[in-house]
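When a residue number appears, it is its place in the shown sequence, counting from 1. Since we're looking at a predicted model, the values are computed, not measured.
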Amino acid sequence: MSIRLPLDPPPIRLMTRLLAELQTTVLARAIRMFDGDLDRVTIFAVIARDTYPFDARAGLAPTVSAHSLAMSLSRPYETVRRHVHALVDAGWCKRGADGVHANHAEIQSPDLTAFLTLVHDAAVRFVADMARAGVPMPEVGTVRPYHHAAGVQAAIDLMLAVIDTNRRAHADWLELVLFSTIYAANSRLLNADRELAWHYADGRKEPPSHLRQPVRTSAVARALGLPEATVRRRLVRLLDDGRLERIGKKLLVSEAWLNRPEAIDTSTRSFSTVRLLLARLGVNGFPLHDPARAYLIGRPEPVSFD
């Protein structure tokens, strides 16, 4: 198969595999915390990123309006407003003068503190695996002392960047999540081996079938904590339009679909965004050239697909 790529392509496939692993790690926990509601997870993540001083500095919390959230997420205003009301009613958020902000007491609760620690360490793992595979880290100038809040916010920004750059390819959020989760499952052997990860980093070489692990629909549903019937229903369109292919009773992300010019362009733009986010993280004191130093607890285990 002839694959059309720009000269000296960036490691877009490596990045996509590792972003899929990051997203799967975070959402497997978050979707359960929000009773299976992906929209609510995403809206709360934006509110938390924009309004909560994670280091608990004193002062009034900034607020964000439902209208601003709808604009930034390209979601219908009424849909966002309904979720914001539900988040306030559930105690996740509080109302301010011009909108809502994350509830400080809720974010400092043991359950959410543990979750944010996982989010942070999953972001550290992403950076560490990029660096381990051979991706040069951005060079940054003067930096400030690192606080783990910057890592949490970077993880949220990385996941939101995936949503933003994939709006054309995956207009539905849940379809994007299912696609990424299946890709994470397919890519475990490639992610685990540094040499393989780099050999298949840029998409010019298609991994052989024995390095791509297909996954059952039921395993995807269990990993994300979603009803299997919902997952099966949503997978129909991904199979029909060629994003996924069946191998017996299991699923693989289509390499042919990933190698379409439109998909390559999307991944290339995503890589540029990721580089900017990593540079900002470095300015915020993150040890880009020794990422493992930033772990709060340690490298998170990958989500199980057994």
Side-chain angles (χ1 to χ4, degrees), residues 1-3 5 11-29 31-32 36 38 122 125-126 129 133 159 162 166 169-260 262-264 266-267 270 300-306:
M1 177 188 300
S2 175
I3 300 174
L5 287 169
I12 54 175
R13 201 72 82 238
L14 169 67
M15 174 204 68
T16 303
R17 293 194 301 261
L18 296 179
L19 282 175
E21 196 72 78
L22 165 64
Q23 177 176 277
T24 301
T25 296
V26 173
L27 291 183
R29 180 81 64 88
I31 288 173
R32 288 176 168 87
L38 180 61
R125 185 186 65 194
F126 170 78
D129 286 353
M159 295 174 64
V162 171
N166 280 277
H170 307 279
D172 181 275
W173 286 355
L174 183 52
E175 289 180 8
L176 170 60
V177 168
L178 294 176
F179 179 91
S180 294
T181 302
I182 291 166
Y183 197 42
N186 297 163
S187 303
R188 287 286 166 79
L189 293 177
L190 294 172
N191 289 347
D193 187 291
R194 179 181 181 275
E195 291 187 3
L196 288 175
W198 189 250
H199 186 71
Y200 298 105
D202 57 29
R204 287 181 293 187
K205 306 180 187 72
E206 183 173 318
S209 58
H210 71 274
L211 292 178
R212 300 163 64 215
Q213 296 180 298
V215 63
R216 290 183 180 274
T217 301
S218 57
V220 173
R222 284 195 301 272
L224 292 173
L226 293 170
E228 186 174 337
T230 299
V231 173
R232 288 189 182 280
R233 186 172 65 251
R234 292 304 191 98
L235 289 177
V236 169
R237 188 157 61 178
L238 281 76
L239 287 161
D240 287 347
D241 67 15
R243 281 177 279 179
L244 300 178
E245 55 190 44
R246 284 199 183 277
I247 306 296
K249 294 184 178 181
K250 297 183 178 182
L251 301 166
L252 278 177
V253 165
S254 168
E255 286 290 321
W257 192 88
L258 288 172
N259 289 327
R260 295 174 310 122
E262 302 93 327
I264 291 169
T266 295
S267 295
S270 292
E301 289 295 322
V303 172
S304 172
F305 289 100
D306 294 336

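- Counted within 6.0 Å of CD on Glu301, heavy atoms from surrounding residues, nucleotides or ligands total 12 or fewer; the atom is thus considered open.
- Side chains of Met159 and Leu27 form a contact here, defined as non-hydrogen atoms less than 4.5 Å apart.
- Residues Asn166 and Phe179 form no side-chain contact, since every pair of their non-hydrogen atoms from C-beta on lies 4.5 Å or further apart.
- Smallest separation of non-hydrogen atoms from Val26 and Ala122: CG2-CB, 4.3 Å.
- Shortest non-hydrogen contact noted between Ala219 and Phe305 is CB-O, 3.3 Å.
- Annotation: side chain of Leu239 is not in contact with side chain of Glu245 (no heavy-atom distance under 4.5 Å).
- Note: Leu19 CG to Asp129 CG = 11.5 Å, rounded to the nearest 0.5 Å.
- Under a 3.5 Å cut-off, the side chain of Arg188 and the backbone N or O of Ala185 do not form any donor-acceptor pair.
- The two residues Leu251 and Arg246 come nearest to each other via the heavy atoms CD2-NH1, 3.7 Å.
- In this structure a side-chain-to-backbone donor-acceptor pair under 3.5 Å is missing from Asn186 to Ser254.
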May I have the step-by-step check of side-chain contact (heavy atoms from CB on, under 4.5 Å) for Leu190 and Arg13, ending in yes or no? CA-CA 11 Å; Leu190 294 172; Arg13 201 72 82 238; over 6 Å; no

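- To the nearest 0.5 angstrom, His170 atom NE2 is 5.5 Å from Arg243 atom CZ.
- Taking the side chain as every heavy atom from C-beta outward, Ile182 and Leu252 never approach each other to under 4.5 Å.
- Scanning all heavy atoms of the two residues, the minimum distance from Trp257 to Asp241 falls at CD1-O, 4.1 Å.
- Proximity of a side-chain donor or acceptor of Arg32 to a complementary backbone N or O of Ala28 within less than 3.5 Å is detected.
- Atom CD1 in Ile31 sits 5.0 Å away from atom CG in Leu224 (nearest 0.5 Å).
- Under a 3.5 Å cut-off, the side chain of Arg125 and the backbone N or O of Pro300 do form a donor-acceptor pair.
- Within the structure, ring pair (Phe, Tyr, Trp, His ring centres under 6.0 Å) contacts touching residues 230-254 (residues at least two apart or in different chains) do not occur.
- If you take CZ on Arg204 and CD1 on Ile12, they are separated by 10.0 Å, rounding to the nearest 0.5 Å.
- Taking CG of Leu211 as the reference point, atom CG of Leu196 lies at 5.5 Å (rounded to 0.5 Å).
- To the nearest 0.5 Å, the span separating CG on Asn259 from CD1 on Ile264 amounts to 5.5 Å.
- Across all their heavy atoms, Tyr200 and Pro207 have their closest contact at CE2-CA, 3.6 Å.
- Using a 4.5 Å heavy-atom threshold, the side chains of Leu174 and Thr230 count as touching.
- You'll find the side chain of Leu178 stays beyond 4.5 Å of the side chain of Leu244, heavy atoms only.
- Under the side-chain hydrogen bond (donor to acceptor under 3.5 Å, both in side chains) criterion, no residue pair touches residues 208-227, with sequence neighbours excluded.
- For the pair Asp172/Arg237, a side-chain contact is recorded, criterion being any heavy-atom separation below 4.5 Å from C-beta on.
- The cationic atom of Arg194 (NZ for Lys, CZ for Arg) does not lie both less than 6.0 Å from the six-membered ring centre of Trp198 and within 45° of the ring axis.
- Between Arg17 and the options Pro11, Ser180, Ser187, a side chain to side chain contact (heavy atoms under 4.5 Å, CB included) holds for only Ser187.
- Listed by chain and number, the residues in a ring-ring contact (aromatic ring centres under 6.0 Å, His included) with Phe126 amount to none (sequence neighbours excluded).
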